[in-house]
Amino acid sequence: MSLPNVTRSTARAAFRAATKQVAQKQAVRSFAVAAGAAARPALRAAPAAPVMQKRGVKTIDFAGTEEKVYERADWPLEKLHDYFKNDTFALLGYGSQGHGQGLNLRDNGLNVIVGVRKGGHSWKEAIEDGWVEGKNLFPIEEAAQKGTILMNLLSDAAQSETWPELQKFITKGKTLYFSHGFSVVYKEQTGVIPPKDVDVILAAPKGSGRTVRSLFVEGRGINSSIAVHQDVTGKALERATAMGIAIGSGYLYETTFEKEVYSDLYGERGCLMGGIQGMFKAQYDVLRENGHSPSEAFNETCEEALMSLYPLVGENGMDYMYNACSLTARRGALDWAPKFEEANKPVFRELYKSVRDGSETKRTLEFASQKNYRELYQEETDKISAQEMWRVGHKVRALRPDRK
Ligand SMILES: NC(=O)C1=CN([C@@H]2O[C@H](COP(=O)(O)OP(=O)(O)OC[C@H]3O[C@@H](n4cnc5c(N)ncnc54)[C@H](OP(=O)(O)O)[C@@H]3O)[C@@H](O)[C@H]2O)C=CC1
Ligand SMILES: CC[C@](O)(C(C)=O)C(=O)O
Ligand SMILES: [Mg+2]
Ligand SMILES: [Mg+2]
């Protein structure tokens, strides 16, 4: 495939940056280990890297369960270019994931075209991002016809709505790709039943499309799940792996379509989004009921969590964060954590059941089928922004020294 020099050099720079980042992290870690020996309380170093058992695939024992993890190191750019030399990626949909995955594929020098509704919001965004009508930007059906790998990144509801028209373009020899198990797993509700003669694969970034892009640009890479629903060629897993790397992932964790969708719907409704809003709100409200000022309630609930403590958990784990806090805080947190666990578990059980039995899918599809769903959604999120907690948050964030 002939690639523009700029694209090739952007892609190489991203890969070089990734390698450099690893070296820098290792240096920082060695320093931290040396410094940590003298530090108190002990901020332990990260555990030793797992032993690689086969190039490109690590079988790692996670808490007694052996799991397969694939890595970017086995898919250098030249290999990706060769592997996909006869392919056209038709990226259908240009929301958060379409944007992130599409730009990463393009910067990786792969042959990608975008398919979205002409004149819609995504169409405009795609043009702003440099996609050109008639060259690499087309209406959905035209892109689907041209593509050999159909990346269905329409909204989950739109995947089911457009399926009757789209399925005729999924012909023998093509690959059908998703970033979520939703459409295929809940087929009774979505009607999405892929033809029997194509590979059906998934690479689902475990993070927002914004992060898929920003980590790639920084030379890093998001974690993604990969899975195979249908393997006609005998190469579907390899293809899912190559796709996962091509869209900008660093590590790929093997799963199934079912497990991906159940855990994803559960996680986003729980700790990732719904749970965190509910927990923050409850804590904030009780502080306010007890006469604390808005800024105090916000700082002690959201700002400190997001700016100081949660990044420490992300970096090195809960014990690391605990150890960075006072003994007073640690004693209390140790006592109260089990109470929160006990209080929350029934809600999580109810949530998992609601995901498994299709209730969450039904709700999503019904909501999205309303003509004015965008306005309805906006009304509900506007109500969250209008909560005192987030109005205060807006002001507190504006006072961050780096925002001045
Ligand atoms: N958001 C994320 O970060 C993540 C998403 N995923 C998965 O990736 C997939 C894409 O999600 P996401 O990127 O969030 O996109 P959205 O769910 O925000 O969907 C946006 C895209 O769908 C199009 N669309 C919506 N309705 C229709 C319709 N009736 N007909 C045609 N096109 C339509 C929009 O086009 P238009 O602008 O013209 O309306 C837009 O291009 C989903 O399967 C999702 O679960 C996976 C991991 C994370
Ligand atoms: C947490 C929400 C998510 O599952 C995601 C960004 O991973 C989504 O569907 O957008
Ligand atoms: Mg999700
Ligand atoms: Mg998710």
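In what follows, every heavy atom counts, from backbone to side chain, and hydrogens, waters and symmetry copies are set aside. Throughout, residue positions are numbered sequentially from 1 according to the sequence presented. When a ligand or atom number is given, it counts from 1 through the structure's own listing order.
Taking distance alone, with nitrogen or oxygen atoms compared against 3.5 Å, Asp264 approaches ligand 2 more closely than that limit. Considering both main-chain and side-chain atoms, Thr162 never comes within under 3.5 Å of ligand 1 through any nitrogen or oxygen pair. Between Arg374 and ligand 1, at least one N/O pair is under 3.5 Å apart. Residue contacts with ligand 1: Val116 is placed with no nitrogen or oxygen under 3.5 Å of a nitrogen or oxygen of the ligand (distance criterion only). At a 3.5 angstrom cut-off on N or O pairs, Lys206 does not count as close to ligand 2.
Using modelled atom types and a 3.5 Å distance limit, the side chains of Ser96 and Arg210 yield no donor-acceptor pair. Ser249 and Ser224 form a side-chain donor-acceptor contact under 3.5 Å, judged by distance and modelled atom types alone.
For Asn136 (side chain) and Ile113 (main-chain N/O), no donor-acceptor pair under 3.5 Å exists by modelled atom type.
Counting only non-hydrogen atoms, the option in Ser155, Ser160, Ala204 that gets closest to atom 17 (O) of ligand 1 is Ser155. Considering each of Glu125, Arg117, Lys124, Gln159, the one bringing a non-hydrogen atom nearest atom 30 (N) of ligand 1 is Arg117. For atom 46 (C) of ligand 1, the nearest non-hydrogen atom from the set Ser179, Ser225, Ser96 belongs to Ser179.
The shortest heavy-atom distance from Asn152 to ligand 1 is not under 4.0 Å. Every heavy atom of Phe182 sits 4.0 Å or more from the atoms of ligand 1. The shortest heavy-atom distance from Gly207 to ligand 1 is under 4.0 Å.
Nearest protein heavy-atom contact of atom 26 (N) of ligand 1 is Ala158 CB, 3.4 Å. Nearest to atom 44 (C) of ligand 1 among the protein's heavy atoms is Asp156 OD2, 3.5 Å. What sits closest to atom 10 (O) of ligand 2 on the protein, heavy atoms only, is Glu268 OE1, 4.6 Å. Atom 40 (C) of ligand 1 has its closest protein heavy atom at Ser122 OG, 3.1 Å. For atom 9 (C) of ligand 1, the nearest non-hydrogen atom of the protein is Leu154 O, 3.8 Å.
Of the inter-residue distances, the one linking Cys325 atom SG with Leu312 atom CG reads 7.5 Å to the nearest 0.5 angstrom.
Each of the atoms 47 (C) of ligand 1 lies under 4.0 Å from some heavy atom of Pro205. Ligand 1 places these atoms under 4.0 Å from at least one heavy atom of Glu161: 29 (N). Annotation for ligand 1: atoms under 4.0 Å from non-hydrogen atoms of Ser208 are 3 (O). Taking every heavy atom of Leu153 and a limit of under 4.0 angstrom, the matching atoms of ligand 1 come to 10 (C). Shown in contact with Ser208 at under 4.0 Å from a heavy atom are these atoms of ligand 2, numbered in order with element: 6 (C). The Gly95 neighbourhood of ligand 1 comprises atoms 13 (O), 15 (O), 20 (C), 41 (O), with distances under 4.0 Å to a heavy atom of that residue. Less than 4.0 angstrom separates some heavy atom of Gly93 from each of these atoms of ligand 1: 41 (O).
Salt bridge annotation for Asp285-Arg288: absent, with no cationic side-chain nitrogen under 4.0 angstrom from a carboxylate oxygen. Under a 4.0 Å N-O distance rule, the pair Lys206/Asp264 qualifies as a salt bridge. Using a 4.0 Å cut-off between a side-chain N of Lys or Arg and a carboxylate O of Asp or Glu, Glu141 and Lys146 do not qualify as a salt bridge. Classification of Asp402 and Arg397 as a salt-bridged pair fails, no side-chain N sitting under 4.0 Å from a carboxylate O.
Relative ring orientation between Phe178 and Phe257 is described as perpendicular, the plane-to-plane angle rising above 60° on a 0-90° scale split at 30° and 60°. By the 30° and 60° cut-offs, the orientation of the rings of Trp390 relative to Phe298 is perpendicular.
No more than 12 heavy-atom neighbours from other residues, nucleotides or ligands sit within 6.0 angstrom of CD on Glu350. Within a 6.0 Å radius of NZ in Lys79, other residues, nucleotides and ligands contribute more than 12 heavy atoms.
Checked against the 6.0 Å centroid threshold, Tyr377 and Phe367 do not count as a close aromatic pair. Separation of the Tyr70 and Trp75 ring centroids does not fall under the 6.0 Å cut-off.
With a 4.0 Å cut-off on non-hydrogen atoms, Met273 touches ligand 2 through its side chain and not its backbone. In Val212, neither the side chain nor the backbone holds a heavy atom less than 4.0 Å from any atom of ligand 1. Of all the heavy atoms of Gln97, the ones lying under 4.0 Å from any atom of ligand 1 are found in both the backbone and the side chain.
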Inset, instruction - Just do the salt bridge (Lys or Arg N to Asp or Glu O under 4.0 Å) check on Arg400 and Glu303 with the steps written out, would you? - result: CA-CA 10 Å; Arg400 285 180 194 157; Glu303 190 73 351; 2.7 Å; yes
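Around the Mg ion (ligand 3), the angle linking Asp264 (OD2) with Glu268 (OE1) is 90°, rounded to 10 degrees.
Under the side-chain contact (heavy atoms from CB on, under 4.5 Å) test applied with His180, the options Gln159, Gln97, Glu260 reduce to a single match, Glu260.
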